Amino acid sequence: MTSKQANITLQPADCGVGASAVPVLRKTVLVTGGTRGIGRAIVTKLVSDGWNVGFTYRSEASVADLFLQTLREGIMDSEQRVQAFAVDLASEESVRNLPAQVETHFGRLDALVNNAGLTDDGAFLTMDAARWQRVLNANFGGTARLTLAALPALLRQPDPSVVVVASLAGISGKEGQVSYATSKGALVGFTQWLGRRYGEQGLRVNAIAPGFIRTEMVNVLEPEMYDHILAATALKRMGEVAEVASAVVFLLSPGYLQGSTLRIDGGFKR
Amino acid sequence: MDKKQRVLIVDADHSLGLALSKELAEAGHSVTTHARKSEPGIDIVGNDIPNELLKWDSAYGPFERIVFGLQDGAEVAETPEDIGKIQHDLARTLGEIKASVQMLSRRDDGQVWVLLQEDSMQYYLPVAAQPMRSRALVGAIKSLAKEVFCFGVKLNALHVQPLAEQLDAALWKDARTNLKAFAIKFRPQKSIDVAKFLRALIELKGIPLAGMVLPVGIGYPENNV
Ligand SMILES: NC(=O)c1ccc[n+]([C@@H]2O[C@H](COP(=O)([O-])OP(=O)(O)OC[C@H]3O[C@@H](n4cnc5c(N)ncnc54)[C@H](OP(=O)(O)O)[C@@H]3O)[C@@H](O)[C@H]2O)c1
């Protein structure tokens, strides 16, 4: 059943947890890499904004389960509202099957947030090819394949949308991150291509390019390692994961942005 | 001109690569052209550049300048196989750029140029270009350039709008006519004009460019992010 066929209000974003006189058919979003860092903040924000949320984890089912329980606390119909799915972006098979699993669970798929990603830093000239190809394969190959696999389900919905989490490194470049920057640059290009290819069919596709964001990984770094980055950032501080999540929510809401990459970098070198 | 350069043009079998080869040779430089398959006017044919580069270098070099030519071909991302192909091409190009930079390291004042196809003109012209490859390589070049500058290698890119020779004159005419309100109507740029521009850069010693992506084109805005 679609929103056009039934006398049902299509939400979100005003479909908070409370009761409603009219049955609510919530929009569904799939967020990859949802158990930690930026992805976790995106999932938390989207659940509280009233979306049905499917999020992925790679291997640590217990971490995903714990997060799932936290998210489900105090939510009505919580199993229908939030679910975790295992996926490895490096596995073509698991990527191919994921959108159908999500659609089966929630009955629809309206949006995809391609957040999962990895990096493997080091001097490129001495780096083993297998290491940098792994980054390219997961970040670009896995993300692009997943997006293609999700397209049929997305295009069945009235206002489908894709958000890609790229990186400032993919636009400005970063020493020690050649393959990461290549993969993220490819995603910026993929965002443009997809937006151009499916724009007429109503698919909105945009990307974000976060700069230096405070995640668990950053918390263990010595300030000397990143002071120079903050010094070159107009806001003179790191970004917070919740600020990245807000930008993702903005891009998911209907609008005239297409094929754009929004920098969330506190004004880095601007 | 500062001095005669020994230049290798990888993937020279394109109007721009051939024009550059001609332009450099006429200016007195030593030029070696490469292609993946045998073509008229091509000196070296080979697919395994990282492994063959040193051999070519001792036969035709030592090179001081390496140019990666434009690659034709519609790069679509309709199927997982297309994605695999783009990924494979990117990995191959990265490996080739890496090998080139390694070889030029500590050779005084090396330059590596990567020619990228600008694609936003596609809205008006059926040019076979998509942004995946060019955007990915922009990220790669800006990153790697920062790593290799200290080894005396300057890695840069030209982001080249479609060349006159890439499309029929009638298609250019239609595109121009359709852009009625455009302030400075674009003109198809000839390969030889872009080649002259690149030749001038190649000739410079101590060029003040590293990790830069230079837009090349007339009257059409560069693809924005
Ligand atoms: N933090 C920053 O400053 C920053 C800046 C720019 C861009 N970004 C981008 O933002 C996104 C999130 O970053 P983050 O800092 O939150 O990273 P993170 O804490 O390392 O989390 C990455 C997430 O991606 C998942 N993931 C990694 N490789 C995967 C694979 N092969 N298959 C499936 N899932 C995989 C991880 O799952 P597991 O936990 O199961 O491994 C994890 O959930 C990434 O795309 C990153 O590149 C981050």
Side-chain angles (χ1 to χ4, degrees), chain A residues 92 95-96 121-127 129-130 132-149 151 166-197 207 209 259-263, chain B residues 50 74-95 97-105 116 119-120 122-123 129-151 153 155 157 210-213 223-225:
Chain A
E92 289 192 29
V95 161
R96 189 170 50 240
D121 301 350
F124 188 64
L125 290 192
T126 51
M127 191 182 281
W132 52 264
Q133 287 182 4
R134 182 174 145 260
V135 174
L136 205 55
N137 184 43
N139 290 5
F140 170 64
T143 300
R145 283 187 197 99
L146 173 63
T147 308
L148 293 187
L151 279 178
S167 168
L168 192 62
I171 298 172
S172 307
K174 180 92 178 74
E175 65 279 18
Q177 293 198 321
V178 172
S179 59
Y180 178 75
T182 307
S183 69
K184 295 295 188 178
L187 287 179
V188 168
F190 182 63
T191 300
Q192 292 177 345
W193 182 84
L194 203 67
R196 209 180 284 177
R197 171 70 178 78
S260 294
T261 298
L262 206 59
R263 295 178 195 214
Chain B
E75 180 196 305
V76 290
E78 302 277 358
T79 66
E81 291 71 36
D82 293 338
I83 301 296
K85 187 176 174 305
I86 296 168
Q87 196 184 308
H88 176 267
D89 285 350
L90 277 178
R92 189 187 67 182
T93 306
L94 266 188
I97 294 174
K98 179 182 174 186
S100 305
V101 164
Q102 256 160 346
M103 193 175 78
L104 295 198
S105 284
L116 305 174
D119 62 277
S120 57
Q122 219 194 22
Y123 279 100
Q130 301 293 350
M132 275 78 79
R133 177 180 169 82
S134 52
R135 285 287 151 205
L137 291 176
V138 165
I141 288 160
K142 287 186 176 178
S143 304
L144 185 57
K146 297 184 209 299
E147 291 185 29
V148 300
F149 178 67
C150 57
F151 299 127
V153 184
L155 171 62
M212 294 292 140
V213 180
N223 195 338
N224 62 346
V225 170

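Below, read A as the first sequence line, B as the second, and so on, with proteins coming before strands; counting in each chain starts at 1. Not measured: the values here are computed from a predicted model. Just so it is clear, the values below take in all heavy atoms, side chains as well, and ignore hydrogens, waters and symmetry mates.
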[atom1]-[atom2] distance between [X] and [Y], expressed to the nearest 0.5 angstrom:
{"X": "B/Arg135", "Y": "A/Thr182", "atom1": "CZ", "atom2": "OG1", "value": "13.5 Å"}
{"X": "B/His88", "Y": "A/Gln133", "atom1": "NE2", "atom2": "CD", "value": "8.5 Å"}
{"X": "A/Leu136", "Y": "B/Leu94", "atom1": "CG", "atom2": "CG", "value": "6.5 Å"}

Of all of [options], which one pairs up most often with chain B through heavy atoms under 4.5 Å apart?
{"options": "A/Met127, A/Arg145, A/Lys184", "answer": "A/Arg145"}
{"options": "A/Ala207, A/Ser179, A/Ala149, A/Gly176", "answer": "A/Gly176"}
{"options": "A/Ala186, A/Gly141, A/Ala169", "answer": "A/Ala186"}

Exercise. Determine whether A/Trp193 and B/Glu78 make a side-chain contact, defined as any pair of heavy atoms from C-beta on separated by less than 4.5 Å.
Key: yes
Self-check item: Contact check, side chains of A/Phe190 and B/Ile83, non-hydrogen atoms, under 4.5 Å
Solution: yes
Does any backbone or side-chain atom of [X] lie under 4.5 Å from a heavy atom of chain B? Answer side chain, backbone, both or neither.
{"X": "A/Ala123", "answer": "both"}
{"X": "A/Leu148", "answer": "side chain"}
{"X": "A/Ser167", "answer": "neither"}

Quiz prompt | Closest heavy-atom pair and its distance - A/Lys174, B/Ser143 | solution = N-OG, 2.9 Å
Quiz item: Of the non-hydrogen atoms in B/Asp119 and A/Arg196, which two are nearest, and what is the gap between them?
Solution: OD2-NH2, 2.7 Å
Exercise. Please test A/Arg197 against B/Gln130 for side chain to side chain contact (heavy atoms under 4.5 Å, CB included), starting from the C-alpha separation and ending with a verdict.
Key: CA-CA 11 Å; A/Arg197 171 70 178 78; B/Gln130 301 293 350; over 6 Å; no
Quiz item: For chain A, which of B/Gln87, B/Lys146, B/Lys142 has the most heavy-atom pairs under 4.5 Å?
Solution: B/Gln87
Exercise. Please test B/Val101 against A/Phe124 for side chain to side chain contact (heavy atoms under 4.5 Å, CB included), starting from the C-alpha separation and ending with a verdict.
Key: CA-CA 11 Å; B/Val101 164; A/Phe124 188 64; over 6 Å; no
